[in-house]
Enquirer: 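The following block contains the structure, expressed as structure tokens.
Please read all numbers here as calculations on a predicted model, not as lab measurements. Atoms considered below: every heavy atom in the structure, side chains included; atoms not considered: hydrogens, waters and symmetry mates. Proteins get letters first, then strands, A, B, ... in listed order; numbering begins at 1 in each.
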Protein chains: 2
Amino acid sequence: MARPRSFDEAVVVDAAARCFTEVGYAATSVDDLVGATGLHRGSLYGAFGSKRGLFLAALARCAEPTGERALDLLLVAALELAPHDEEVRTAVERSCAALGGDASSSLGRRLLERARVRSDVPDSHHPRTRRS
Amino acid sequence: MARPRSFDEAVVVDAAARCFTEVGYAATSVDDLVGATGLHRGSLYGAFGSKRGLFLAALARCAEPTGERALDLLLVAALELAPHDEEVRTAVERSCAALGGDASSSLGRRLLERARVRSDVPDSHHPRTRRS
DNA sequence: GCCGTTCTTGACTGATCGGTCATCCATGAA
DNA sequence: TTCATGGATGACCGATCAGTCAAGAACGGC
């Protein structure tokens, strides 16, 4: 009994995740999320409680981080929220464990790739090394 | 001729950098910067033009990134601004070059350290490995 | 039909945002 | 002593922020 939800939670959370990864957590406004998800503020708050709640939902969906987007969300979580948010920190820890021992280098590589910074010497470890 | 500056620009920029690294760029308000630097808004804007200008000044001071704080500022720059800000991207690139070929792993390691995420298995690669 | 429950809608709030500006003040030159 | 210059001050601005809520709508049960 009661009115059913008119949206697919997974689709909404994915749209939100796209926002968060695009410009970061703090720079994403609830109006942005409203626009991206198609939901109205009330529904968004009814379903997720807060901007942070929606972010946590998105983060929970990359417990097994696969693909760039998941890695980007992990970056945002680790840099913007984890240092001052225990719950986010725990979620990040879990995702990193799933990434294996080289989590930090995967994240570092993706960080610079996302920033479009060319600094990772692609196939040699020393600038000195010459390749034909 | 004219009134001399009453503040040391280096000190002000360092104080600002501390803010930015503490909570990130977007989450740092100009009021925070006013509080941390001791300057008034007008002076801050007179000297640096904008919040972004102050950030750029801070970033320029870690062209040779030494220490955690410089690395943290680099992280913030790379994640929050570089993807959509050409000038920041260039500055990050320069600093990364100074970091050498393992810039991405240094940043990745520091990212998780700062987030207080224990995921870098310190002296074994597999969780299976037992330690006495 | 009617009711209880849950979801939807969007107007609304007070707080805070980055940035501006008129006014005042300290200085060195004349 | 007067003046031009540029820094200091803090009140002020419109825009935007995250979050709330009263009203209406869609359902299942009866």
Side-chain angles (χ1 to χ4, degrees), chain A residues 1-59 73 76-77 80-82 84-85 87-88, chain B residues 1-59 73 76-77 80-88:
Chain A
M1 56 163 99
R3 183 171 180 173
R5 286 223 166 133
S6 66
F7 60 89
D8 181 339
E9 187 164 317
V11 170
V12 165
V13 169
D14 278 351
R18 217 167 299 129
C19 284
F20 287 130
T21 59
E22 195 89 16
V23 294
Y25 177 79
T28 298
S29 74
V30 175
D31 277 337
D32 291 338
L33 296 168
V34 164
T37 61
L39 293 195
H40 292 255
R41 296 177 90 76
S43 300
L44 225 39
Y45 276 87
F48 302 100
S50 67
K51 178 183 171 183
R52 174 176 169 274
L54 182 47
F55 184 86
L56 278 172
L59 191 56
L73 196 65
V76 168
E80 290 193 64
L81 301 180
H84 306 97
D85 187 320
E87 205 171 346
V88 170
Chain B
M1 59 164 99
R3 183 173 182 174
R5 286 224 166 134
S6 66
F7 60 90
D8 181 339
E9 186 164 316
V11 170
V12 165
V13 169
D14 277 351
R18 217 166 301 129
C19 284
F20 287 130
T21 60
E22 193 89 16
V23 295
Y25 177 79
T28 298
S29 73
V30 176
D31 277 337
D32 291 339
L33 296 168
V34 164
T37 61
L39 294 196
H40 291 253
R41 297 177 88 78
S43 300
L44 224 39
Y45 276 87
F48 302 101
S50 65
K51 178 184 170 182
R52 174 175 170 274
L54 182 46
F55 184 85
L56 279 171
L59 191 55
L73 196 65
V76 169
E80 290 194 63
L81 301 181
H84 306 97
D85 187 320
E86 195 71 12
E87 206 170 346
V88 170

Enquirer: Of the nucleotides D:dT5, C:dG18, C:dT8, which has the atom closest to the B:Ala2 side chain?
Expert: D:dT5
Enquirer: Measure from CZ on B:Arg5 to C1' on D:dT5 and round the result to the nearest Å.
Expert: 14 Å
Enquirer: Find the distance between CG (B:Asp85) and CG (B:Leu56) and round it off to the nearest 0.5 Å.
Expert: 6.5 Å
Enquirer: Nearest to the side chain of A:His40, heavy atoms from C-beta on, is which of C:dT9, C:dG19, D:dG19?
Expert: C:dT9
Enquirer: Could you check B:Leu44 against A:Tyr25 and say which one's nearest nucleotide on DNA chain D is further toward the 5' end?
Expert: B:Leu44
Enquirer: Which listed nucleotide (C:dT9, D:dG7, C:dT5) is nearest to the side chain of A:Ser43?
Expert: C:dT9
Enquirer: Distance from B:Arg41 atom CZ to B:Asp31 atom CG, nearest 0.5 Å?
Expert: 4.5 Å
Enquirer: How would you label the contact of B:Gly46 with the nucleic acid (heavy atoms, under 4.0 Å): base, sugar-phosphate, or nothing?
Expert: nothing
Enquirer: Go through C:dG19, D:dT9, D:dA18 for me and flag the one nearest to the B:Lys51 side chain.
Expert: C:dG19
Enquirer: Looking across every strand, which nucleic acid part, if any, lies under 4.0 Å from B:Phe48 by heavy atom: base, sugar-phosphate, or nothing?
Expert: nothing
Enquirer: In whole Å, I'd like the distance from the OH atom of A:Tyr45 to the P atom of C:dC7.
Expert: 18 Å
Enquirer: Side-chain N or O of A:Ser6 less than 4.0 angstrom from OP1 or OP2 on C:dC7?
Expert: no
Enquirer: Whether A:Lys51 engages the ring of A:Phe20 as a cation-pi pair (distance to the six-membered ring centre under 6.0 angstrom, angle to the ring normal within 45°) should be assessed.
Expert: no
Enquirer: Looking at B:Ser29, I'd like to know whether one of its side-chain N or O atoms comes within less than 4.0 Å of OP1 or OP2 on C:dT16.
Expert: no
Enquirer: Nearest to the side chain of B:Arg41, heavy atoms from C-beta on, is which of C:dC17, D:dA11, D:dT20?
Expert: D:dA11
Enquirer: Ignoring hydrogens and geometry beyond distance, is the side chain of B:Arg3 in donor-acceptor contact with the base of C:dC25 at under 3.5 Å?
Expert: yes
Enquirer: Check A:Ser50 against A:Tyr45 and note the closest heavy-atom contact, atom names and distance.
Expert: CA-CE2, 3.7 Å
Enquirer: How many angstroms lie between CZ in B:Arg18 and CG in B:Asp32, if you round to the nearest 0.5 Å?
Expert: 13.5 Å
Enquirer: In terms of the nearest nucleotide of DNA chain C, which residue is placed more toward the 5' end: B:Asp31 or A:Gly42?
Expert: A:Gly42
